[in-house]
Amino acid sequence: MNLSFAERSMPDAGTLVVGVLADKVLTAGAEELDRLTDGQIGRVLAGAGRFTGKREDAIHIAAPAGLPVERVTLIGLGGTDDLDGAAWQKIGGSAMAQLNAAGAVTAAVWLDAPAKAPVGSGEAAAAFAAGARLRAYRFDRYRTREKAEAKPSLSDLVVMTDDHGVDAEQRQRVDALVAGVTLTRDLVSEPANVLFPESFAERCLPLRDAGLAVEVLDEDDMRAMGMGALLGVGQGSARSSRLVVLQWYGADAERPPVAFVGKGVTFDTGGISLKPGAGMEEMKWDMAGAGAVVGVMRVLAGRKAKVNAVGILGLVENMPSATAQRPGDVVTSMSGQTIEVINTDAEGRLVLADALWYTQQRFKPAAMIDLATLTGAIMVALGTHQAGLFASDDALADQLLAAGKATGEPLWRMPLGEPYDREIDSEIADMKNVAGHRNGGAAVAAQFLKRFVQDVPWAHLDIAGMAWSKKDRPTVPKGATGFGVCLLDRFVADTYER
Ligand code: BES
Ligand code: MN
Ligand code: ZN
């Protein structure tokens, strides 16, 4: 699907899309079209039954006589007050789905934001375009004989605006964002026979072309640094573990970077504490935290963000085998703290323990945020509607909550606290990796991570419920969501680039 921007004009074929506000109020573009058609748009709306301009609704009509296009699609924009970037993104995504459902091949959108709306037409058009492209995502690498009619019909979408239009910087932002989210979704969608620690690391190398520094540490490197917790998880796998370090320096070199750390378990069988078979295939996406970190680093480089940022990926495969770690084993982490591994399925926290420690030792970051599909318990608590946010720092928590709201990737703050911490005291080591019961599982896991965080503002996003969607959403076709990329990009823009 090609998406381009242009000044408003009448396309000579295809579908013309115009917006209608709540209660059938015409946008400037819709009014113009109404004038050109002697009031046809108004008459259609008057008899349109259920279509009232509700956000993300649409109706398709055969183009009134005299227009060169074949079809007119009216899309609902809803109310004016909350017509912000996130809303436009969803409208763009829904429009994309509606156009494909109607079989449109080429379409042009006359896009204008109402005067009193929170964002102007340029920003609205950029957000609409981003939403449309995000919804158009497909992972079709492995479909070798798909019928043409099963594929999305839309091949060209032109977003047309009046006056100032969409400037070069806004276009670059859209391109960067879509490239980052697409990269994350591709990684998360890949099966674990294709994407394992080494191949994941290899897929990071081309990011050098985008301007990122990329380093790959192997098991010997990690052993030399004492990363016994991470290495213990990977020791049962035929695939060797990796740690990837991505760096983007877009601000003064002396400025400490913001650090993003991702859980990258390329497949989680549970290890010797083997998971039940049903649904285990889902554990190919247990690397979605690392996937999101790669994606956001790609966005920052793509739009030349004025920030220093590092991304650290802990990449392992958790398998049961003769060399696998056993329940009861004690490992020594890079921090020097010892861990009794009661349950080999609580592996993400072991990987992050060393990745977090390494990040602080090496980069002394201004803030550190980890992303992980860490617990089933967060899904019990929050479902698949928002991710859990655990933070040691209220200001950082508020910045992340605001970015989540602004991008439609919502977070809900969850508790940390000493009572949760006490649950992982061990009889024979400094700590154990599980509490031994399921209560408060997401908070106990977060508290475990906190034992590896020194005095840096830190936040942990438990994205287990958000990495994969079983149904279509406005800007997310079902499958890998890319959750976290838009959110962290926004967080960087609002916190470090103002
Ligand atoms: N990767 C899983 C968490 C998970 C479960 C993510 C379902 C997405 C969907 C994690 O490694 C895990 O197995 N956690 C255990 C922890 C338990 C052993 C304390 C869990 O949540 O059951
Ligand atoms: Mn697990
Ligand atoms: Zn896991």
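The structure presented is a predicted model; accordingly, all values stated were derived computationally and were not measured.
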Does the pair D329/R326 count as a salt bridge with the N-to-O cut at 4.0 Å? yes
Nearest 0.5 Å, please: how far is CG in L195 from CZ in R239? 10.5 Å
Go through it in stages, so that I can follow the logic: the residues are M431 and D425, the test is side chain to side chain contact (heavy atoms under 4.5 Å, CB included), and I'd like the CA-CA distance, side-chain angles, deciding distance and then a yes or no. CA-CA 5 Å; M431 70 195 85; D425 285 337; 5.7 Å; no
Is the closest basic N to carboxylate O distance between D82 and K90 below 4.0 Å? no
What verdict does the salt bridge (Lys or Arg N to Asp or Glu O under 4.0 Å) test give for K450 and E418, after you've listed the backbone C-alpha separation in whole Å, the side-chain angles of each residue and the deciding distance to 0.1 Å? CA-CA 11 Å; K450 192 165 185 294; E418 200 262 340; over 6 Å; no
Between K284, R141, R185, which is the residue that forms a side-chain hydrogen bond (donor to acceptor under 3.5 Å, both in side chains) with E190? R141
Please round to the nearest 0.5 Å and tell me the distance separating atom OG1 of T182 and atom CZ of F139. 12.0 Å
So, the side chain of S333 versus the backbone of A353: is there a donor-acceptor pair under 3.5 Å, distance only? no
Residues, nucleotides or ligands: over 12 heavy atoms within 6.0 Å of D455 CG: no
Any donor-acceptor N/O pair, D489 side chain to V296 backbone, under 3.5 Å: no
Name the orientation class of the two ring planes belonging to W468 and W285 (parallel below 30°, tilted from 30 to 60°, perpendicular beyond 60°). parallel
Shortest non-hydrogen separation from G180 to V485 and the atoms involved: C-CG1, 4.2 Å
Supply the atom-to-atom distance T495 OG1 to L396 CG, rounded to the nearest 0.5 angstrom. 8.0 Å
Quick check against the 3.5 Å criterion: does E497 have a side-chain atom that pairs as donor or acceptor with the backbone of K306? yes
Roughly how far apart are L352 CG and L449 CG, rounded to 0.5 Å? 5.5 Å
Taking the basic N atoms (NZ, or NE/NH1/NH2) and the acidic carboxylate oxygens, is any pair closer than 4.0 Å for R362 and E215? yes
Donor-acceptor pair, side chain of T475 and main chain of R135, under 3.5 angstrom: no
Does the pair E219/R242 count as a salt bridge with the N-to-O cut at 4.0 Å? no
If only atom types and distance count, is the side chain of W248 paired as donor or acceptor with the main-chain N or O of A305 below 3.5 Å? yes
Without swapping roles, check the side chain of R498 against the backbone of D494 for a donor-acceptor pair under 3.5 Å. yes
Mind listing the closest non-hydrogen atom pair of W458 and A446 along with its distance? CH2-O, 3.5 Å
For P457 versus A366, what's the shortest heavy-atom pair and its separation? CD-O, 3.4 Å
Decide yes or no on ring-ring contact (aromatic ring centres under 6.0 Å, His included) for Y420 and F448, but give the supporting numbers first. CA-CA 9 Å; Y420 299 106; F448 179 96; over 10 Å; no
Donor-acceptor pair, distance only, cut-off 3.5 Å: does the side chain of K263 make one with the backbone of T373? yes
What heavy-atom pair brings C204 and V294 nearest, and what distance separates the two atoms? SG-CG2, 4.2 Å
Going by an N to O cut-off under 4.0 Å, is there a salt bridge joining E198 and R203? no
Hey, what do you get for CZ (F483) to CD1 (I463), rounding to the nearest 0.5 Å? 7.0 Å
Heavy atoms from other residues, nucleotides or ligands near CZ of R255 exceed 12 (cutoff 6.0 Å): no
Under 3.5 Å, is there a donor-acceptor pair between the side chain of N433 and the main chain of V341? no
Exercise: do Q337 and S335 side chains pair donor with acceptor under 3.5 Å: yes
Interatomic distance, Y358 atom OH to L217 atom CG [nearest 0.5 angstrom]: 4.5 Å
Exam field: side chain R55 to backbone A87, donor-acceptor pair closer than 3.5 Å: no
Might you work through the side chain to side chain donor-acceptor pair (under 3.5 Å) test for Y496 and N308, ending with a clear yes or no? CA-CA 9 Å; Y496 298 96; N308 294 338; over 6 Å; no
Is the number of heavy atoms from other residues, nucleotides or ligands under 6.0 Å of R438 CZ greater than 12? no
Side chain of T338, backbone of D430: donor and acceptor closer than 3.5 Å? yes
Counting only heavy atoms not in E169 (residues, nucleotides, ligands), do more than 12 fall under 6.0 Å from its CD? no
Will you find, in the side chains of T269 and N318, an N or O donor that is under 3.5 Å from an N or O acceptor? no
For the pair R133 and V178, evaluate side chain to side chain contact (heavy atoms under 4.5 Å, CB included) and give the outcome as yes or no after the intermediate values. CA-CA 7 Å; R133 287 175 64 189; V178 173; 3.8 Å; yes
More than 12 non-hydrogen atoms from neighbouring residues, nucleotides or ligands closer than 6.0 Å to NZ on K405, yes or no? no
Do the side chains of F5 and L3 get nearer than 4.5 Å, heavy atoms only? yes
Going through the checks in order, is the side chain to side chain contact (heavy atoms under 4.5 Å, CB included) test met by T359 and M368? CA-CA 8 Å; T359 302; M368 180 166 70; 3.9 Å; yes
